[in-house]
Amino acid sequence: MQKIDKILFRPHHLLCSQGYSGHGYNDIYVQNMNAVTEKLRTDPDAEVTLIFGNDILCQVCPHAVDQKCCETEEKVRRFDRKVVEYYGLEEKTYRYQDVIRQIHQTMTAQRMDDICGDCEWAKISACKKNIISGKYLL
Ligand code: SF4
C-alpha cells in the first residue's frame, strides 16, 4: 500500500472518508482511497489540512480536470460549503480524530441529507450509518 504523509482534504471529504466502503470510480481511485482511509482510521494522531479546492482524493479522480471537478463542481462545492457552515471549519490543519468527533456530536440523518443527500454514493456507501454511529472514532 502507498505511504501517505500529508493529507490535504476538501471539507466534505471528512465525511466521505468515514463512509467509504471500498467503492470508487476506478482502480487507482480505490487504491488511493484505501491508503488514505487506512491511515485515518488507524492512526489516532493523523492530521488533515483542509483546503477549499481539489485535494488528495481529487488528484486521482477521473472527473477532475484543471483543478476542477469537471462534471460536478457546483455540487461538491455545495457539499463543502455546508460542512464548513455546520462545523465552523477553516483552511488549516486539524487532528482528524478531533474534527470527526466534533462532526459526530451533532450529526443527524437530516443533516446528512441536507449536506450531501444527492450524492451518487449516498445509497451505495455507508456514510450515514458510519458517521452517526461514530464508527471510526478511536
Ligand atoms: S453521501 Fe457522498 S458526499 Fe456524502 S459522505 Fe457519502 S460519499 Fe461523501
Side-chain angles (χ1 to χ4, degrees):
M1 188 170 296
Q2 76 195 75
K3 186 168 177 328
I4 298 291
D5 293 319
K6 187 174 167 94
I7 299 179
L8 273 182
F9 250 9
R10 58 187 320 144
H12 84 271
H13 283 164
L14 292 167
L15 306 185
C16 310
S17 57
Q18 298 179 74
Y20 175 70
S21 47
H23 306 286
Y25 300 113
N26 59 28
D27 287 349
I28 293 173
Y29 190 90
V30 167
Q31 279 169 21
N32 188 49
M33 196 71 179
N34 286 343
V36 170
T37 54
E38 165 78 14
K39 165 95 177 158
L40 293 176
R41 292 174 181 185
T42 59
D43 178 356
D45 296 319
E47 292 182 334
V48 290
T49 299
L50 295 190
I51 178 174
F52 298 167
N54 280 14
D55 69 358
I56 191 169
L57 304 183
C58 305
Q59 74 183 3
V60 294
C61 178
H63 301 290
V65 173
D66 295 336
Q67 294 303 303
K68 291 194 168 173
C69 300
C70 60
E71 292 165 14
T72 57
E73 180 73 6
E74 180 281 325
K75 197 151 98 173
V76 299
R77 286 200 177 275
R78 172 164 45 87
F79 296 169
D80 286 339
R81 193 186 71 245
K82 294 209 172 213
V83 173
V84 166
E85 286 172 1
Y86 274 125
Y87 297 102
L89 301 173
E90 301 171 35
E91 278 187 307
K92 66 177 196 184
T93 300
Y94 294 85
R95 194 169 154 265
Y96 183 73
Q97 283 295 313
D98 291 343
V99 73
I100 68 166
R101 188 173 300 279
Q102 183 198 342
I103 290 169
H104 168 70
Q105 282 164 351
T106 52
M107 185 59 86
T108 61
Q110 292 76 10
R111 186 175 284 193
M112 281 290 296
D113 285 340
D114 183 50
I115 294 171
C116 53
D118 57 342
C119 170
E120 67 183 288
W121 299 105
K123 291 188 179 61
I124 304 167
S125 296
C127 311
K128 244 184 216 171
K129 183 157 88 51
N130 291 355
I131 294 167
I132 291 170
S133 69
K135 180 170 182 178
Y136 294 110
L137 293 175
L138 297 175

CG of Leu137: more than 12 outside heavy atoms within 6.0 angstrom?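 Yes.
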Side-chain hydrophobic cluster, 4.5 Å single linkage: members besides Leu8: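 Same cluster as Leu8: Ile51.
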If a pair satisfies side chain to side chain donor-acceptor pair (under 3.5 Å) and one of its residues is in residues 100-110, list it, with sequence neighbours excluded.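 Sorted result for residues 100-110: Thr106-Arg111.
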Kindly state each residue pair satisfying salt bridge (charged side-chain N to carboxylate O under 4.0 Å, His left out) with at least one member in residues 112-127, sequence neighbours excluded.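 For residues 112-127: Arg78-Asp118, Lys82-Asp114, Asp113-Lys128.
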Listed partners of [X] passing side-chain hydrogen bond (donor to acceptor under 3.5 Å, both in side chains), at least two apart:
X	result
Asn26	none
Ser133	none
Asn130	none

Is the shortest heavy-atom distance from the side chain of [X] to the side chain of [Y] under 4.5 Å?
X	Y	answer
Leu40	Tyr136	no
Val48	Ile56	no
Met112	Met107	yes
Leu57	Phe9	yes
Tyr20	Val30	yes

Apply side chain to side chain donor-acceptor pair (under 3.5 Å) to Thr49 and Thr93, showing your working. CA-CA 4 Å; Thr49 299; Thr93 300; 2.7 Å; yes
Taking only residues two or more places apart in sequence, or in another chain, which ones meet [X] in a ring-ring contact (aromatic ring centres under 6.0 Å, His included)?
X	answer
Tyr29	Tyr25
Phe79	His12
Tyr96	none

How far apart are the C-alpha atoms of Leu14 and Leu89, what are their side-chain angles, what is the distance that settles it, and do they pass the side-chain contact (heavy atoms from CB on, under 4.5 Å) test? CA-CA 11 Å; Leu14 292 167; Leu89 301 173; 3.7 Å; yes
Of all the heavy-atom pairs spanning [X] and [Y], show the shortest one and how long it is.
X	Y	answer
Ala122	Cys116	CB-O, 4.3 Å
Pro11	Val83	O-CG1, 3.9 Å
Asp43	Leu138	C-CD1, 4.0 Å
Ser125	Gly19	CB-O, 3.5 Å
Cys58	Ala64	O-CB, 3.5 Å

Taking only residues two or more places apart in sequence or in another chain, which ones pass salt bridge (Lys or Arg N to Asp or Glu O under 4.0 Å) with Glu85?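 Salt bridge (Lys or Arg N to Asp or Glu O under 4.0 Å) check on Glu85 returns Arg81.
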Set of salt bridge (Lys or Arg N to Asp or Glu O under 4.0 Å) partners for Asp27, sequence neighbours left out: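 In terms of salt bridge (Lys or Arg N to Asp or Glu O under 4.0 Å), with neighbours along the sequence ignored, Asp27 is linked to no residue.
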Residues in side-chain contact (heavy atoms from CB on, under 4.5 Å) with Arg95, at least two apart?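 Arg95: side-chain contact (heavy atoms from CB on, under 4.5 Å) contacts with Pro44, Asp45, Gln97, Asp98.
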Lys/Arg N to Asp/Glu carboxylate O, Asp80 vs Arg10, below 4.0 Å: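 Yes, charged N to carboxylate O under 4.0 Å.
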Approximate separation, where rounding is to 0.5 Å, of [X] [atom1] and [Y] [atom2]:
X	Y	atom1	atom2	value
Asn32	Thr37	CG	OG1	9.5 Å
Leu15	Ile131	CG	CD1	4.5 Å
Met33	Ser17	CE	OG	6.5 Å

